[in-house]
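The structure under discussion appears below in the form of structure tokens.
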Amino acid sequence: MYLRRSIRSIVRVPISGIYCCGFSTYTPSAAAVLAEKTIKNGVRHDWTRDEIKSIYDSPILDLLFHGAQVHRHAHNFREVQQCTLLSIKTGGCSEDCSYCPQSSRYGTGVKAQRLMNKDAVIESAKKAKEAGSTRFCMGAAWRDTVGRKTNFNQILDYVKEIREMGMEVCCTLGMLEKQQAEDLKKAGLTAYNHNLDTSREYYPNIITTRSYDERLQTLEFVREAGINVCCGGIIGLGESAEDRVGLLHTLATLPSHPESVPINALIAVKGTPLQDQKPVEIWEMIRMIATARIVMPNAMVRLSAGRVRFSVPEQALCFLAGANSIFTGEKLLTTANNDFDADQDMFKVLGLLPKPPTLDDAEIDDREAVASSSG
């Protein structure tokens, strides 16, 4: 009798969307239903907030499983993009972002510095490439690039030379004007990072010196210039689950989804208004990553700031949920990041593979020609 009941408990018979499992029933979660539609119908841009909230609120094991299904459908699930982020101009920023130690308004001990010189930047890029990174990201603590013609022209030169090394290149320089986006494209910029940080509704609680619409305008200029968009947010700012859903809704309903979606966990820095925020739990990261993966299946979902707090098993759950990009190197702008050797060990244990850079046909031809001539 016991054997028959055990067998019955694992035989599921679908009845109008409800599965009978022995003596209990199982109704598919929103994550299950909408992930299946994503796999079947592909990318969509008409997500409603209610739909995204229903995915986000699904049982965590369902989110993990169905985020993984979408991920395996849209990507090589073992490949993880390795990116290195370098602060090429640190501190002294005029903005009041409540989480940022680089704001001149807060006493965090971060001193304002000038733009790094070319030799130092290129040397950092070379080291990043040798360590396995395929994308090199440069960040400058500016509100915008207006009135910084000399510095901006220097950065254009950095972009050109790093791209010639066979790496993808990303910048985050604050707000851009249309012409500046076009100039970055001509220099060979792969992607531009400009995070929305949080929902439109919660945004004024975090930043007052730059509007949400100004951020969206920069994203529009970047997209129009033909540069890939890197845009995500930060959780742990004191926002609600509704705000997290709101952020994902804004991203998922853009005319084109961002090619990269960084999910950052706040690193509370002493001296900032958010210094006393409690750390983000791994389950919160998993909900964000899996939901982002289901609603933006083709995006690179990056496990970004805050990763240093998570163990290898916890990070493994994030990769399973749909993350396929990380920052490597000892520092993210001004905060600590995971040790390079530890990341290499993690890749080995989890069977992860470094994702190769995405280069255009001309660059591939040039590199192959150089390789054949030197061989």
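- The main-chain N or O of E281 is found under 3.5 Å from a side-chain atom of E284 such that the two form a donor-acceptor pair.
- In this structure, the side chain of Q277 engages the main chain of G236 through a donor-acceptor pair within 3.5 Å.
- Here the NZ atom belonging to K53 is positioned 10.0 Å from the OG atom belonging to S58, to the nearest 0.5 angstrom.
- The shortest side-chain heavy-atom distance between R309 and E314 does not fall under the 4.5 Å cut-off.
- A salt bridge links K118 with E161: the closest approach of a Lys/Arg side-chain nitrogen to an acidic carboxylate oxygen falls below 4.0 angstrom.
- Here the side chains of L216 and H194 are not in contact, with every heavy-atom distance at 4.5 Å or above.
- Looking only at atom types and distance, the side chain of Y106 has no donor-acceptor partner in the side chain of D96 under 3.5 Å away.
- Note that R72 lies in the cation-pi zone of F77, set by a 6.0 Å cut-off to the ring centre and a 45° limit from the axis.
- Under the 3.5 Å distance criterion, with hydrogens and angles disregarded, a donor-acceptor pair is assigned to the side chains of S325 and Q81.
- When all heavy atoms of S98 and T272 are compared, the pair lying nearest together is O-CB, 3.3 Å.
- Scored by the side chain to side chain donor-acceptor pair (under 3.5 Å) test, H257 finds H45 as partners (sequence neighbours excluded).
- For the pair G232 and V261, the tightest heavy-atom approach, listed with the atom from each and the gap, is CA-CG1, 4.2 Å.
- If you take CZ on F310 and CE on M285, they are separated by 5.0 Å, rounding to the nearest 0.5 Å.
- Side chains of Y192 and L173 form a contact here, defined as non-hydrogen atoms less than 4.5 Å apart.
- The structure places CG of N264 at 9.0 Å from OH of Y99, a figure rounded to the nearest 0.5 Å.
- Taking each heavy atom of A141 and T90 in turn, the nearest pair found is CB-C, 4.4 Å.
- At least one donor-acceptor pair closer than 3.5 Å links the side chain of W47 to the backbone N or O of V295.
- Considering all non-hydrogen atoms of both residues, L189 and V159 come closest at N-CG1, 3.6 Å.
- Within the model, atoms CD1 of I52 and OG1 of T291 stand 8.5 Å from one another, a figure rounded to the nearest 0.5 Å.
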Could you walk me through whether L303 and I263 pass the side chain to side chain contact (heavy atoms under 4.5 Å, CB included) check?
CA-CA 6 Å; L303 180 57; I263 305 295; over 6 Å; no

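- Salt bridge E201/R49: present, at least one basic N to carboxylate O contact under 4.0 Å.
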Checking side chain to side chain contact (heavy atoms under 4.5 Å, CB included) for the pair L115/Q154: CA distance, chi angles, key distance, verdict?
CA-CA 9 Å; L115 185 71; Q154 285 179 264; 3.7 Å; yes

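- Two different hydrophobic clusters hold I294 and V33 under the rule that ILVMFWY side chains link at heavy-atom gaps under 4.5 Å.
- For R293 and T38, the side-chain atoms include no donor-acceptor pair closer than 3.5 Å.
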List the steps and the verdict of salt bridge (charged side-chain N to carboxylate O under 4.0 Å, His left out) for R215 and D197.
CA-CA 10 Å; R215 288 184 180 251; D197 291 341; 3.5 Å; yes

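- Inspection of the T150 and N153 side chains reveals no N or O donor paired with an N or O acceptor under 3.5 Å.
- Annotation for G271 and T108: closest pair C-CG2, 3.9 Å, computed over non-hydrogen atoms.
- Taking the charged nitrogens against the carboxylate oxygens, E51 and R44 do have a contact shorter than 4.0 Å, which makes a salt bridge.
- To the nearest 0.5 Å, the span separating CZ on F65 from CG on L320 amounts to 9.5 Å.
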Applying salt bridge (charged side-chain N to carboxylate O under 4.0 Å, His left out), run through E168 and R163 and close with a yes or a no.
CA-CA 6 Å; E168 297 178 16; R163 192 61 186 263; over 6 Å; no

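- A 4.5 Å side-chain heavy-atom check between C231 and L219 finds at least one atom pair inside the cut-off.
- One N or O on the side chain of K89 and one on the backbone of G91 form a donor-acceptor pair closer than 3.5 Å.
- Put simply, the side chain of R244 does not reach to within 4.5 Å of the side chain of L247, judged on heavy atoms.
- A donor-acceptor pair under 3.5 Å is absent between the side-chain atoms of T84 and the main chain of F136, judged by distance alone.
- A salt bridge between R200 and D243 is absent, with no side-chain N of the basic residue lying under 4.0 Å from a carboxylate O of the acidic one.
- In the hydrophobic cluster analysis, where Ile, Leu, Val, Met, Phe, Trp and Tyr join through side-chain heavy atoms closer than 4.5 angstrom, L352 is grouped together with V349.
- Using a distance-only test at 3.5 Å, with no hydrogens or angles considered, no donor-acceptor pair links the side chain of H249 to the main chain of D50.
- In this structure, CD1 on I206 lies 8.5 Å from CG on L266, to the nearest 0.5 angstrom.
- In this structure, Q82 and K355 have side chains that are not in contact, with every pair of non-hydrogen atoms separated by 4.5 Å or more.
- Residues D213 and Q217 bring no donor and acceptor atom of their side chains to less than 3.5 Å of each other.
- Salt bridge K185/E224: absent, no basic N to carboxylate O contact under 4.0 Å.
- Grouping the Ile, Leu, Val, Met, Phe, Trp and Tyr side chains by contacts below 4.5 angstrom, directly or via other members, places M296 apart from V43.
- Checked against T218 for a side-chain contact (heavy atoms from CB on, under 4.5 Å), the options R210, R223, M175 give a single hit: M175.
- Put simply, V70 and I60 are part of the same group of oily side chains (I, L, V, M, F, W, Y) that touch within less than 4.5 Å, one to the next.
- Looking at heavy atoms from C-beta onward, T134 lies out of side-chain contact with P356 at the 4.5 angstrom threshold.
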Apply side chain to side chain contact (heavy atoms under 4.5 Å, CB included) to Q315 and M346, showing your working.
CA-CA 9 Å; Q315 291 178 68; M346 178 179 70; 3.4 Å; yes

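- Both L254 and L176 sit in one connected hydrophobic cluster of ILVMFWY residues. Membership requires side-chain heavy atoms under 4.5 Å apart, directly or through other members.
- The nearest pair of heavy atoms linking A32 to H66 is CB-NE2, 3.2 Å.
- N324 places no side-chain N or O within 3.5 Å of a backbone atom of M300 that could act as its donor or acceptor partner.
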CA sep, side-chain torsions, deciding dist, call: T209, S94, side chain to side chain contact (heavy atoms under 4.5 Å, CB included):
CA-CA 8 Å; T209 49; S94 62; over 6 Å; no

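- Looking at S87 and Q102, their side chains come closer than 4.5 Å, going by heavy atoms from C-beta outward.
- The closest donor-acceptor contact from the side chain of T190 to the backbone of V169 lies under 3.5 Å.
- In this structure, N151 contributes its side chain and R148 its backbone to no donor-acceptor pair below 3.5 Å.
- Counting only distance, with no hydrogens or angles, the side chain of S133 and the backbone of R135 share no donor-acceptor pair below 3.5 Å.
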